[in-house]
Asker: 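Supplied in structure tokens, the structure appears directly below.
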Amino acid sequence: MTAKYAIILAAGQGTRMKSKLYKVLHPVCGKPMVDHVLTEIEKNDMQEVVTIVGHGAQKVKETLGDRTEYALQAEQLGTGHAVLQAESILGQKDGMTIIACGDTPLFTAKTFEELFEYHKQKGAVATVLTAHTDNPFGYGRIIRNEIGIVEKIVEQKDATEKEAAVKEINTGVYCFDNRELFKALHGIKNDNAQGEYYLPDVMEIFQKEGKVVAAYQMKDFEESMGVNDRIALSKATKVMQRRINENLMRQGVTLIDPENTYIDIDVKVGADTVIEPGVYLKGKTVIGEDCFIGANSQIVDSVIENNVTVTSSMIEESIMHEGSDVGPNGHLRPLAEIGKNAHIGNFVEVKKAQIGENTKVGHLSYVGDATLGRNINVGCGTVFVNYDGMNKHHTNVGDYSFIGSGSNIVAPVNIADHAYVAAGSTITNDIDAHDMGIARGRQINKKGYFDKYPVADAAKKAEEKNK
Ligand code: UD1
Ligand code: CA
């Protein structure tokens, strides 16, 4: 079997992005563009992949890790020069080499495979992947001779009017005979509008040497979209999002309005889950079956088990066990763990806390740095006072306990099982099992107080007016 190699070009700065972030690291649906390219290439059983790095080399390496080898292009002298930097790694090897750019995130493994197949079938030394578009501006144009053979590829900036009118474009992906590629690269020159060594120029070299050059035209131009600026980035994101969403719908997920549902590529969602518009599911989030994710919820790097209801809430790095629910307007901050059938109601914030099975925190509360057992009721407006200005402290609340509304639980403190906190208490001491803690001033009523003060006059006037 012929060995398969790949080279990914990722050394450019991406000036047109006007960004501090290197172009190929801009994410599309939660994954950097260059990672999309590598992920799809990897699916083709590659012997070796070399990524050419330059601008932001360190950041690109951190992003892709040891999934690929790297060659440094210290100065960006063009795509041909970039490929040449892989010569010390690949130059002496027999096989086929695919080249792709780090800024074309939409290519699929299937297209790379088809290109390999076509290349082999044609017995070519070089095959360029082309596409047809009515708006070819910015792309290299495929110039074919009278009998349809690729003669050369001309860049936008070097194209004559006639060449610029050609609507078949270079997608920036090629397949080469590996040894022939590196031989030809030494022959390219930089006498063009940009003063760069263009990789596509090797096609003309092969053609002149009488070698077989082929072009494989893919059906779907959209897939070849190169991202050079933020407008293209938004377009590529739209295409990727549609793919992700359609894939999920095929797997049995209901998206009420897929055009307005934003799901990252690595997110998983189980069948019969219903997702309303405006929802963002990000990172490594996994959602089970039969869940309801209500409008405008955001879920980041979290695990949502089966049968969970999330109503207009924000969830970060948290776990919701089966049958639990949150919202509307709940906020689960990192390391919240919501037990089976537990209820987190409106305007409740939970951070670094375990909430046991069947426990309810229904309204307007903050639970931070705490371990709550099962079947607890936390009344409205309860605050777990976890921070003394210097350190965070932990609170434990045992099973079946009852926390009355409007309480402050000042950590560190332990409230045992079957314990009771009277409403409005500020708890600073432990409470033993079956006891009640009450910590608030006693009420005194002052006779006739209302009538002594100006409010009484105002009340009287209002009463008369309403008669
Ligand atoms: C390139 C092709 C063009 C094709 C288009 C497809 C050339 C000369 N032109 O144009 O025919 O239609 O892609 O999207 O190849 N890079 C380096 N080192 C360099 C220069 C570029 O690593 O010295 C990398 C960039 O990071 C980028 C890729 O190569 O990922 C393509 O470079 P870019 O400048 O975007 O080329 P285009 O003008 O899009
Ligand atoms: Ca490009």
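Just so it is clear, the model here is predicted, and its values are computed rather than measured.
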Asker: Would you call Asp201 and Lys152 a salt bridge, using N to O less than 4.0 angstrom?
Answerer: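 Salt bridge between Asp201 and Lys152, a charged N being under 4.0 Å from a carboxylate O: no.
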Asker: Testing the basics here: between Gly80 and Ile188, what is the closest heavy-atom pair and its distance to 0.1 Å?
Answerer: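 Taking Gly80 first and Ile188 second, the nearest heavy atoms are CA-CD1, 3.7 Å.
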Asker: Do the side chain of Arg333 and the main chain of Val350 share a donor and acceptor less than 3.5 angstrom apart?
Answerer: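 No: the side chain of Arg333 does not pair with the backbone of Val350.
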Asker: Between Thr273 and Cys291, is there a donor-acceptor pair closer than 3.5 Å when you use the side chain of the first and the backbone of the second?
Answerer: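 Checked: pair present.
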Asker: Strictly distance-based, threshold 3.5 Å: is any side-chain N or O of Thr359 a donor or acceptor partner for the main-chain N or O of Gly373?
Answerer: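 A pair under 3.5 Å: yes.
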Asker: Would you please name every residue forming a ring-ring contact (aromatic ring centres under 6.0 Å, His included) with Tyr118, sequence neighbours left out?
Answerer: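 Expected list: Tyr216.
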Asker: Using a distance-only test with no angle check, is there a side-chain donor-acceptor pair under 3.5 angstrom linking Thr51 and Arg67?
Answerer: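 No, no side-chain donor-acceptor pair sits under 3.5 Å.
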Asker: Check the side chains of Glu168 and Thr130 for a donor-acceptor pair under 3.5 angstrom, ignoring hydrogens and angles.
Answerer: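 There is such a pair (donor and acceptor under 3.5 Å, judged by atom type) between the side chains of Thr130 and Glu168.
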Asker: Tell me whether the count of non-hydrogen atoms from other residues, nucleotides or ligands lying under 6.0 Å of NZ in Lys235 goes above 12.
Answerer: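 No - once you tally the heavy atoms of other residues, nucleotides and ligands closer than 6.0 Å, there are 12 at most.
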Asker: Between Thr111 and Thr108, is any side-chain donor less than 3.5 angstrom from a side-chain acceptor?
Answerer: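 Checked: Thr111/Thr108 side chains pair up, N/O donor to acceptor below 3.5 Å.
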Asker: Does either side chain, that of Asn260 or that of Asp257, offer a donor lying less than 3.5 Å from an acceptor on the other one?
Answerer: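 Yes.
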Asker: Checking side-chain polar atoms at under 3.5 Å, does Gln241 have a donor or acceptor matched by the opposite partner on Asn245?
Answerer: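 A pair is found: one side chain offers a donor N or O, the other an acceptor, under 3.5 Å apart.
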Asker: Within a radius of less than 6.0 Å around NZ of Lys31, do more than 12 heavy atoms belonging to other residues, nucleotides or ligands occur?
Answerer: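 Result for NZ/Lys31: enclosed.
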Asker: I'd like to know if the side chain of Tyr198 pairs up with that of Asp158 as donor and acceptor (distance under 3.5 Å, no hydrogens or angles considered).
Answerer: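 Distance-only check passes for Tyr198 and Asp158.
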Asker: Provide the closest heavy-atom pair for Asn44 versus Ala109 in the form atom of the first, atom of the second, distance.
Answerer: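 Where Asn44 meets Ala109 most closely, the heavy atoms are ND2-O, 3.2 Å.
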Asker: Would you say Asp369 and His393 are linked by a side-chain donor-acceptor pair, where the criterion is simply a distance under 3.5 Å?
Answerer: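 There is no such pair between these side chains.
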Asker: Can you see whether His81 engages Gln76 through a side-chain donor-acceptor pair at a distance of less than 3.5 angstrom?
Answerer: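 No.
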Asker: Considering residues at least two apart in sequence or located in another chain, which fulfil the side chain to side chain contact (heavy atoms under 4.5 Å, CB included) criterion with Asp325?
Answerer: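 Per chain and number, Asp325 pairs via side chain to side chain contact (heavy atoms under 4.5 Å, CB included) with Thr309, His343.
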Asker: Do the side-chain N and O atoms of Asn228 and Lys23 include a donor-acceptor pair separated by under 3.5 angstrom?
Answerer: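 The answer is yes; a qualifying pair exists.
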Asker: Should the pair Glu317-Lys351 be classified as a salt bridge under the 4.0 Å nitrogen-to-oxygen rule?
Answerer: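 Salt bridge between Glu317 and Lys351, a charged N being under 4.0 Å from a carboxylate O: no.
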Asker: Is Glu113 paired with Lys43 through a side-chain N to carboxylate O contact shorter than 4.0 Å?
Answerer: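 Looking at Glu113 together with Lys43, the answer is no, because their closest N to O distance does not fall below 4.0 Å.
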Asker: Distance-only, no hydrogens or angles: does the Ser324 side chain make a donor-acceptor pair with backbone N or O of His321 under 3.5 Å?
Answerer: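 Present.
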Asker: Hey, is the main chain of Val378 close enough, under 3.5 Å, to the side chain of Thr382 for a donor-acceptor pair?
Answerer: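 The answer is no, because no donor-acceptor pair under 3.5 Å joins these two groups.
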Asker: Let's go through Phe112 and Phe107 carefully: what are the C-alpha distance in whole Å and the side-chain angles of both, what is the deciding distance for ring pair (Phe, Tyr, Trp, His ring centres under 6.0 Å) to 0.1 Å, and is it a yes or a no?
Answerer: CA-CA 8 Å; Phe112 292 130; Phe107 279 113; 5.8 Å; yes
Asker: Does any N or O in the side chain of Asp177 come within less than 3.5 Å of the main-chain N or O of Arg179, such that one atom is a donor and the other an acceptor?
Answerer: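 Yes, the answer is positive, given that a donor and an acceptor are paired below the 3.5 Å cut-off.
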Asker: Does Lys211 come within less than 4.0 Å of Glu180, counting only side-chain N to carboxylate O?
Answerer: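 Here Lys211 pairs with Glu180 in a salt bridge, since their nearest N and O are under 4.0 Å apart.
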Asker: Taking the basic N atoms (NZ, or NE/NH1/NH2) and the acidic carboxylate oxygens, is any pair closer than 4.0 Å for Arg374 and Glu357?
Answerer: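 Between Glu357 and Arg374 there is a salt bridge, with a charged N closer than 4.0 Å to a carboxylate O.
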Asker: Are the charged groups of Asp264 and Lys282 less than 4.0 angstrom apart, N to O?
Answerer: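 So Asp264 does not pair with Lys282 through a salt bridge.
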Asker: Hey, are Asn307 and Asp290 close enough side-chain-wise for a donor-acceptor pair under 3.5 Å?
Answerer: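 Note: Asp290 and Asn307 side chains miss the donor-acceptor criterion.
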Asker: Donor-acceptor check, side chain of Ser313 to backbone of Val310, threshold 3.5 angstrom: yes or no?
Answerer: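 A pair under 3.5 Å: no.
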Asker: So, do His26 and Ser19 sit near enough that their side-chain heavy atoms are less than 4.5 Å apart?
Answerer: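 In short, these two side chains touch, coming nearer than 4.5 Å.
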Asker: If you measure only the distance, is there a donor-acceptor pair under 3.5 Å linking the side chains of His186 and Glu87?
Answerer: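 Indeed, the side chains of His186 and Glu87 share at least one donor-acceptor pair under 3.5 Å.
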Asker: Please identify each residue that fulfils ring-ring contact (aromatic ring centres under 6.0 Å, His included) with Tyr70, with sequence neighbours left out.
Answerer: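 Result, ring-ring contact (aromatic ring centres under 6.0 Å, His included) vs Tyr70: none returned.
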Asker: Under 6.0 Å between the ring centres of Phe347 and Tyr366?
Answerer: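 Aromatic pair excluded; centres sit 6.0 Å or further apart.
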Asker: In terms of the angle between their ring planes, are Phe221 and Tyr139 parallel, tilted or perpendicular, with boundaries placed at 30° and 60°?
Answerer: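 The arrangement is perpendicular - the two ring planes meet at more than 60°.
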Asker: If you apply the rule salt bridge (charged side-chain N to carboxylate O under 4.0 Å, His left out), what do you find for Glu223 with Lys110, and how did you get there?
Answerer: CA-CA 11 Å; Glu223 188 184 322; Lys110 190 162 165 284; over 6 Å; no
